[in-house]
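A short worksheet on the structure shown next.
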Protein chains: 2
Amino acid sequence: MKRDKLSDQQCSVARSSAVLGDPWTLTLLSDCFLGVRRFEEFQQRLKLSRTTLASRLKLLEEHGILAQSQYELKPPRFEYRLTQKGRELFPVISTLLTWGDKYYSDEAGPPIIRHHKTCGHDYQAYIACSECGEPLELNDVEARKRPQNDNHPAVERGPVKRVPGENQASR
Amino acid sequence: MKRDKLSDQQCSVARSSAVLGDPWTLTLLSDCFLGVRRFEEFQQRLKLSRTTLASRLKLLEEHGILAQSQYELKPPRFEYRLTQKGRELFPVISTLLTWGDKYYSDEAGPPIIRHHKTCGHDYQAYIACSECGEPLELNDVEARKRPQNDNHPAVERGPVKRVPGENQASR
DNA sequence: CTAAGTTGGTCCATATTATGGACTTACATA
DNA sequence: TATGTAAGTCCATAATATGGACCAACTTAG
């Protein structure tokens with residue numbers, strides 16, 4: 001299967017990956033959250049080819065993650081800003097950053113430190129349950145296919161049943 | 001700059017992206033969390049070429065995210081399991097899933113429903129602050145470079161200062 | 001007025017990757 | 001003996017990424 005057919009899959013990760021699953025795209029979004037907005041600025045920071053940058057920005061715009069807004073009339077110039085949909089990627093970038101900080105920092109520690117103004121401390125992000133607010137642990141969750149429905153195709157890539165003792169999270 | 005030089009950057013997202021920033025890799029990891037472990041199983045579910053699958057599994061193994069474990073002696077056969085480092089990607093996949101469920105579900109809703117056994121409800125994931133436990137909102141956080149240190153190179157891709165009123169999270 | 005600079009791109013030839021299909025190895029089963 | 005299974009590798013072709021040159025539409029410095 002071609003990569004671009006991933007977006008037709010019945011899987012939220014596959015569909016999201018079709019847009020975000022690119023090293024430049026993820027890094028570019030990270031820069032967006034750091035306040036970067038302009039073509040030249042992205043290009044100089046990421047040091048990627050202008051062609052690739054243009055194609056990534058276009059894709060993110062098509063998906064409604066970034067939107068162009070005019071900041072100069074003559075000549076007309078635009079900058080790229082996160083939309084609401086784009087801003088909702090903050091949890092994805094945050095958790096990626098937390099993982100990267102832990103496993104890919106050098107001896108000097110994470111290059112960028114994030115600070116929670118509300119409580120006044122530097123932080124890392126963790127995930128919690130929308131229903132009870134408790135931290136989400138891999139062993140406390142399970143997945144199931146949505147109920148079968150005549151109006152919609154059955155879900156193909158469901159969770160795999162493993163025999164007890166062979167926990168999916170085991171070493 | 002070539003994609004594979006991203007891992008040398010002083011940025012946790014760039015370094016993580018160098019491994020994870022690929023649509024197949026993210027979808028493959030998602031399947032790992034659903035209990036998938038074997039080459040054939042990945043290939044049939046993801047419908048990607050065997051060549052690409054082999055290269056992704058190898059990369060994930062080299063990065064210590066998956067580990068092979070023997071499940072059959074004659075002939076020797078191995079399956080791929082998440083390591084501790086790999087299991088710590090659960091927050092990344094979870095938040096990606098939450099975002100994808102919201103923006104890329106069809107009318108039948110998310111194909112896979114996730115359940116929190118601890119509280120007994122179906123859930124979505126949100127991120128919280130490691131220091132105070134409150135939900136993390138984009139507008140409540142700020143980023144800064146790590147302190148300058150003679151023994152380590154300065155951080156190049158820091159946050160961008162924008163003039164007040166031009167909030168990075170604004171529309 | 002002219003030359004150089006700025007910004008946000010596009011175009012192109014050349015690398016680099018991805019793709020599907022055939023093939024391989026080493027057994028097990030009918 | 002023939003067929004099947006699992007986990008790959010190999011190969012030719014197709015699709016993408018890359019860097020550098022180029023372009024358009026201004027602004028600024030001299």
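Chain A is the first sequence line, chain B the second, and so forth, proteins listed ahead of strands; every chain is numbered from 1. As a basis for the values below, the full set of heavy atoms in this structure was taken, side chains included, without hydrogen atoms, waters or symmetry mates.
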Original post:
Quick one: salt bridge (Lys or Arg N to Asp or Glu O under 4.0 Å) partners of B/E61, sequence neighbours excluded?
Top reply: none

**OP:** Scan for salt bridge (Lys or Arg N to Asp or Glu O under 4.0 Å) pairs involving residues 127-141 of chain A, sequence neighbours excluded, and state none if there are none.
**Re:** none

**OP:** Please collect all side-chain hydrogen bond (donor to acceptor under 3.5 Å, both in side chains) contacts where either partner lies in residues 5-16 of chain B, sequence neighbours excluded, each pair once.
**Re:** A/D101-B/S12

Original post:
Separation of B/F42 atom CZ from D/dT5 atom P, in whole Å?
Top reply: 20 Å

Please set out all donor-acceptor pairs under 3.5 angstrom arising from side-chain atoms of residues 146-160 of chain A, sequence neighbours excluded.
residue, atom, partner, partner atom, Å
A/R146, NH1, B/D106, OD1, 3.4
A/R146, NH1, B/G109, O, 2.8
A/N149, OD1, A/N151, N, 2.6
A/R157, NH2, B/D31, OD1, 2.4
A/R157, NH2, B/D31, OD2, 3.4

Original post:
Considering heavy-atom distances to DNA chain D, does A/K47 or B/L57 have its closest nucleotide positioned more toward the 5' end?
Top reply: B/L57

What are the atom names and distances for every N/O pair under 3.5 Å that joins the protein to nucleotides 6-8 of chain C?
residue, atom, partner, partner atom, Å
C/dT7, O4', A/R77, NH1, 3.2
C/dT7, O3', A/Y71, OH, 3.0
C/dT7, O2, A/R77, NH2, 3.1
C/dG8, OP1, A/Y71, OH, 2.6
C/dG8, OP1, A/F78, O, 3.3
C/dG8, N7, A/E40, OE2, 2.9
C/dG8, N7, A/R50, NH2, 2.8

Subject >> Partner residues of B/K102 under the side chain to side chain donor-acceptor pair (under 3.5 Å) criterion, sequence neighbours left out >> reply: A/E88

Subject >> Protein-nucleotide distance (B/L59, atom CG; D/dG8, atom P), rounded to Å >> reply: 15 Å

Subject >> B/P23 versus A/G21, closest heavy-atom pair with distance >> reply: CD-O, 2.7 Å

**OP:** Please state how far atom CD in B/E72 lies from atom C1' in C/dA28, giving the value in whole angstrom units.
**Re:** 9 Å

Subject >> Separation of atom NZ in A/K74 from atom C1' in D/dA24, rounded to whole Å >> reply: 17 Å

**OP:** Go through the structure and list residues passing salt bridge (Lys or Arg N to Asp or Glu O under 4.0 Å) with B/E107, not counting sequence neighbours.
**Re:** none

Subject >> Counterpart residues, ring-ring contact (aromatic ring centres under 6.0 Å, His included), relative to B/F39 (two or more places apart) >> reply: none

Original post:
Whole Å only: how far is the CZ atom of B/R45 from the C1' atom of D/dA7?
Top reply: 18 Å

Original post:
At what angle, to 10 degrees, do the two end axes of the helix from C/dC1-D/dG30 to C/dA30-D/dT1 meet, given five pairs define each axis?
Top reply: 0°

Original post:
D/dA7 P sits how many Å from B/L73 CG, rounded?
Top reply: 14 Å

**OP:** Using the test ring-ring contact (aromatic ring centres under 6.0 Å, His included), find all partners of B/F90 that sit at least two apart in sequence or belong to another chain.
**Re:** B/F33

Subject >> Heavy-atom neighbours of A/K117 NZ exceed 12 at 6.0 Å >> reply: yes

Original post:
Whole Å only: how far is the CD atom of A/Q43 from the C1' atom of D/dA17?
Top reply: 14 Å

Original post:
Who are the ring-ring contact (aromatic ring centres under 6.0 Å, His included) partners of B/Y103, not counting sequence neighbours?
Top reply: B/W99

Quick test: give all pairs of protein nitrogen or oxygen and nucleotides 12-18 of chain C nitrogen or oxygen below 3.5 Å, distance rounded to 0.1 Å.
residue, atom, partner, partner atom, Å
C/dA18, OP1, B/R56, NH2, 2.7

Subject >> Spacing between B/L46 atom CG and C/dG20 atom P, to the nearest angstrom >> reply: 12 Å

